Amino acid sequence: MSGLAGRFRELWDEIAPVGRDADSGGYLRYALTPPELRLREWFREQADLRGMPVSGDGNGNLFAWWGDPPTDGPNTDGPNTGGAVLTGSHFDSVPHGGAYDGPLGIVSAFLAVDELRAAGVTPVRPVVVAAFVEEEGARFGVPCLGSRLLTGEIDADRAAGLRDAAGVSFAEALGHRPAGADPALLGRFAAFVELHVEQGRALVDADAPVAVASAIWPHGRWRFELRGEGNHAGTTRMADRRDPMLTFAFTVLAANKEARLRGAHATVGRMSVEPNATNAIASTVTGWLDARAAEPDTLHGLVEAVQAKAAERARRDGTELTVTRESATPLVTFDGGLADRLAGLLAAPVLPTGAGHDAGVLAAHLPTAMLFVRNPTGVSHSPAEAATDDDCAAGVVALARVLEELACH
Ligand code: HGY
Ligand code: MN
Ligand code: MN
């Protein structure tokens, strides 16, 4: 194992146990809960060790600065003139998620700073490591919540009122109303480069450790609420039932079929049932559709078709359907010039992805790129997610070269 792979492993082992579920081996690192709060403390410790002052944006995002942090005053030099190069990712996970999705981008960023310093490199512009809050939306339901707040893509009052399963609001978890958009801070960044574990097998098939991202599929989340009539499982005749579970089951099958017909992706991985009793017909069933497609029109057609099939079945079952879009991310095409420049610099393949990222939000506001690190299992949002220390070291080297390219010339 190379020296850098060893240093990666050493730093990685500091956070690996945090929030890990002993039974599943997956991670329960929900935003602003004790495991994620511990990782935020670790972030500050790592920044302190490197003499990198940490600033916040009032939304729960953290920024460690190598070079001058923002002054109190607004950035009056105009957009993106601050020239800082932003990197980093997120700490939060999906329930029983993998170890690398998010934290790899933050650990790699600190190690890339170490590599540049060890090589005697001094950037002419600040290099900033970010930890964005609630990227997965696993606690408050809206993915990329922190980056959407920073960029003004979600209203601060709506974000403040988002609640978790226990009814705790984002504002209560944060300790205050989120500050919302911060154009002055955003204007200090000239580019954002997020390193992330690949959530697929393209790099395995390409036999390459690192890739550059070209695009993120448009995708979104829709909540399907079905209301029927709760009743006794034993005494209610089948012909008399208005069972929302029936409509829901049909909707899940319709989503799968419509996605296959379109070469798109549709997933229903989360649901809730009331009263959720073995011997009672459900009164309400709520399910969440995660839909994604390479093209916006395909995605729109998919969701329209699933909604129409669900509504038709609800009429047959005598149930009531309400569909609410909870989040949507348009097609993200990363800055082509930047992607090509980095792919040339790294001699790396260029890949699209169906996974959303904070980079997908920031891409609408500043030149943004992503680096992917090979995942030998290709599995993600699961304890089976993996990356080798050597490939992670290759990711650090690649990120260090990119940061030097962007911040030192
Ligand atoms: O859901 C996603 O695509 C990302 O992993 N948050
Ligand atoms: Mn994820
Ligand atoms: Mn992620």
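Any value given below was found using the heavy atoms of this structure, including those in side chains, with hydrogens, waters and symmetry copies removed. In this chain, residues are counted from 1 in sequence order. Computed from a prediction, not measured in an experiment: that's the story for all the values here. Atoms within each ligand, like the ligands themselves, are counted from 1 in listed order.
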If you have a sec, work out which protein heavy atom is nearest [atom] and how many Å separate them, to one decimal?
{"atom": "atom 5 (O) of ligand 1", "value": "H381 NE2, 2.9 Å"}
{"atom": "atom 1 (O) of ligand 1", "value": "R292 NH2, 2.9 Å"}
{"atom": "atom 4 (C) of ligand 1", "value": "G356 O, 3.2 Å"}

- Message: For a 4.5 angstrom cut-off between non-hydrogen side-chain atoms, does L345 reach V402?
- Response: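 SC-SC contact between L345 and V402 confirmed.
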
Establish, yes or no, whether the cationic atom of [X] lies under 6.0 Å from the six-membered ring centre of [Y] and within 45° of the ring axis.
{"X": "R7", "Y": "W12", "result": "no"}
{"X": "R313", "Y": "F250", "result": "yes"}
{"X": "R221", "Y": "W288", "result": "no"}

- Item | H357 near the Mn ion (ligand 2): N/O/S under 2.8 Å |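 No.
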
- Heteroatom N/O/S of E135 within less than 2.8 Å of the Mn ion (ligand 2):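 No N, O or S atom of E135 is closer than 2.8 Å to the Mn ion (ligand 2), so no.
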
- Message: Measuring from non-hydrogen atoms of H219 to any atom of ligand 1, is the shortest distance under 4.0 Å?
- Response: no

- Message: Can you check which of E134, E136, H90, H196 brings a heavy atom nearest to atom 6 (N) of ligand 1?
- Response: E136

Note: [X]-[Y] ion pair, threshold 4.0 Å (strictly below):
{"X": "E320", "Y": "R227", "result": "yes"}
{"X": "R44", "Y": "D48", "result": "no"}
{"X": "D114", "Y": "R50", "result": "yes"}
{"X": "R374", "Y": "E198", "result": "no"}

- Item | Vertex the Mn ion (ligand 3), arms to D101 OD1 and H196 NE2, rounded to 10° | 80°

- Under 6.0 Å between the ring centres of F43 and F110?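 Ring centroids of F43 and F110 are less than 6.0 Å from each other.
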
- Query: Can you name the N/O/S atom of H381 that is nearest the Mn ion (ligand 2)?
  - Reply: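 The Mn ion (ligand 2) is closest to the H381 atom NE2, counting only N, O or S.
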
- Task: Report the name of the N/O/S atom of E136 located nearest to the Mn ion (ligand 2).
- Result: OE2

- Message: Distance under 4.0 Å to a non-hydrogen atom of A355: what atoms of ligand 1 satisfy this?
- Response: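 Ligand 1 atoms under the 4.0 Å threshold to A355: 3 (O).
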
- Message: Need the ligand 1 atom indices (1-based, order shown) with element for anything under 4.0 Å from a heavy-atom of E135.
- Response: 4 (C), 6 (N)

- Message: Checking the N or O distance criterion of under 3.5 Å, is ligand 1 in contact with R221?
- Response: no

